[in-house]
Amino acid sequence: SVDGTLEIIKKYSDWDERILVCHSEDMGASYARNKGIEVSKGDFIAFIDSDDVWDFNKLKTSLECMLLNEVYLFCSAYTPMSYDGLKYYNKRVPLPEIKRSRLLKTCDIGCSTVVIRVDCFAERNLIPRFPNMKKEDYAYWFKLLEIYGRSFYGLQDSLTYYRIHSGGVSSNKLKELFFQYKVYKDYL
């Protein structure tokens, strides 16, 4: 970020020892997410991209749902909004259960909606990592389904707001289709 985000986050980490700042030059989304997984310490991992917004109760609601239903792979609905946050679009709602066969057809899983339970791994270095490629999150969902041997649980409540901006992969459908094909061809 070039907007002072690093300095703001460092102030929060000074106030709260649970916040760990890991800074590196722009190495891409896969690198950043994998670094976060590497230094994480809890039983659950959640992802949020810099331009997305979580509902105030996103983590509480997600964890309650996961613990109540013995869920290891969780996602929720999300609401796309304009970059300035002034216009909201129809929310994207996942199916209550997302299996590999569904994911091959369409991806109902927004990265910032996902929470995974990782206390089932004997060692932290065994937690799956994101592949280094475009649409890394889409490829990662397949990896999680395979490793966990479970489906994603999809909550129909919208707990995340996803900012739409020009220049993003999802703003160019032809580009997005090409990168999705690359996941099929090169990853799966």
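Here, residue 1 is the first one in the sequence, and each next residue gets the next number.
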### Query
Does some side-chain heavy atom of Lys10 sit less than 4.5 Å from a side-chain heavy atom of Ile8?
no
### Exam field: side chain Thr113 to backbone Ala77, donor-acceptor pair closer than 3.5 Å
no
### Basic-acidic side-chain contact under 4.0 Å: Lys135, Glu176
yes
### Message
I'd like to check the ring pair (Phe, Tyr, Trp, His ring centres under 6.0 Å) partners of Tyr138; sequence neighbours left out, ordered by chain and number.
### Response
Phe142
### Task
For the residue pair Asp137 and Val114, establish whether any side-chain heavy-atom pair is separated by less than 4.5 Å.
no
### Query
Hey, does Asp55 have a side-chain heavy atom less than 4.5 Å from the side chain of Asp157?
no
### Query
Which pairs count as salt bridge (charged side-chain N to carboxylate O under 4.0 Å, His left out) when at least one residue sits in residues 27-39, sequence neighbours excluded?
Arg33-Asp49, Arg33-Glu136, Lys35-Glu38
Quick one: side chains of residues 63-71, donor-acceptor pairs under 3.5 Å with protein atoms, not counting sequence neighbours, listed by atom name and distance.
from  : atom 1 : to    : atom 2 : distance (Å)
Glu64 : OE2    : Lys60 : NZ     : 3.0
Asn69 : ND2    : Cys65 : O      : 2.9

### Task
Name all residues meeting the ring pair (Phe, Tyr, Trp, His ring centres under 6.0 Å) criterion together with Phe47; count only those two or more places apart in sequence or in a different chain, and write none if there are none.
Phe130
### Under the salt bridge (charged side-chain N to carboxylate O under 4.0 Å, His left out) test, residues paired with Arg163 that sit two or more places apart
none
### Enclosure of Tyr89 OH (heavy-atom neighbours >12, cutoff 6.0 Å)
yes
### Message
Strictly distance-based, threshold 3.5 Å: is any side-chain N or O of Trp141 a donor or acceptor partner for the main-chain N or O of Cys111?
### Response
no
### Message
With a 4.5 Å cut-off on side-chain heavy atoms, are Leu103 and Ile109 touching?
### Response
yes
### Message
Using the ring pair (Phe, Tyr, Trp, His ring centres under 6.0 Å) criterion, which residues pair with Phe74? Sequence neighbours excluded.
### Response
none
#### Entry: Pairs involving residues 99-123, ordered by first then second residue, that meet ring-ring contact (aromatic ring centres under 6.0 Å, His included) (sequence neighbours left out)
Phe121-Tyr148
### Task
Tell me, please, which residues at least two apart from Asn90 pass side chain to side chain contact (heavy atoms under 4.5 Å, CB included).
none
### Task
Using a cut-off of 6.0 Å, state whether more than 12 heavy atoms not belonging to Asn57 lie near its atom CG.
yes
### Query
Where the side chain of Gln156 meets the backbone of Pro94, is there a donor-acceptor pair that is under 3.5 Å apart?
yes
### Query
Angle class for the Trp15/Tyr12 ring planes (parallel below 30°, perpendicular above 60°, tilted otherwise)?
perpendicular
#### Entry: Set of residues satisfying side chain to side chain donor-acceptor pair (under 3.5 Å) with respect to Ser40, sequence neighbours excluded
Arg124
### Query
Any side-chain heavy atom of Ser112 sitting closer than 4.5 Å to one from Tyr162?
no
### Task
Let me see the working for Lys143 and Tyr187 under side chain to side chain contact (heavy atoms under 4.5 Å, CB included), right down to the final yes or no.
CA-CA 10 Å; Lys143 181 186 268 191; Tyr187 188 74; 3.0 Å; yes
### Query
Is there side-chain contact between Asp108 and Cys75, with at least one heavy-atom pair below 4.5 Å?
no
### Message
As a quick check of understanding, evaluate side chain to side chain contact (heavy atoms under 4.5 Å, CB included) for Leu159 and Ser62, giving each step before the final call.
### Response
CA-CA 9 Å; Leu159 302 177; Ser62 301; 3.8 Å; yes
Could you list the donor-acceptor pairs under 3.5 angstrom formed between side-chain atoms of residues 17-24 and any protein atom two or more places apart in sequence or on another chain?
from  : atom 1 : to    : atom 2 : distance (Å)
Arg18 : NE     : Asp16 : OD1    : 3.0
Arg18 : NE     : Asp16 : OD2    : 3.3
Arg18 : NH2    : Asp16 : OD2    : 2.6

## Note on the structure
For Lys91, the salt bridge (charged side-chain N to carboxylate O under 4.0 Å, His left out) test, sequence neighbours excluded, returns none
### Neighbour count above 12 (heavy atom, 6.0 Å) for Leu126 CG
yes
#### Entry: side-chain hydrogen bond (donor to acceptor under 3.5 Å, both in side chains) pairs, two or more places apart, involving residues 72-85
Thr79-Ser158, Ser82-Asp84
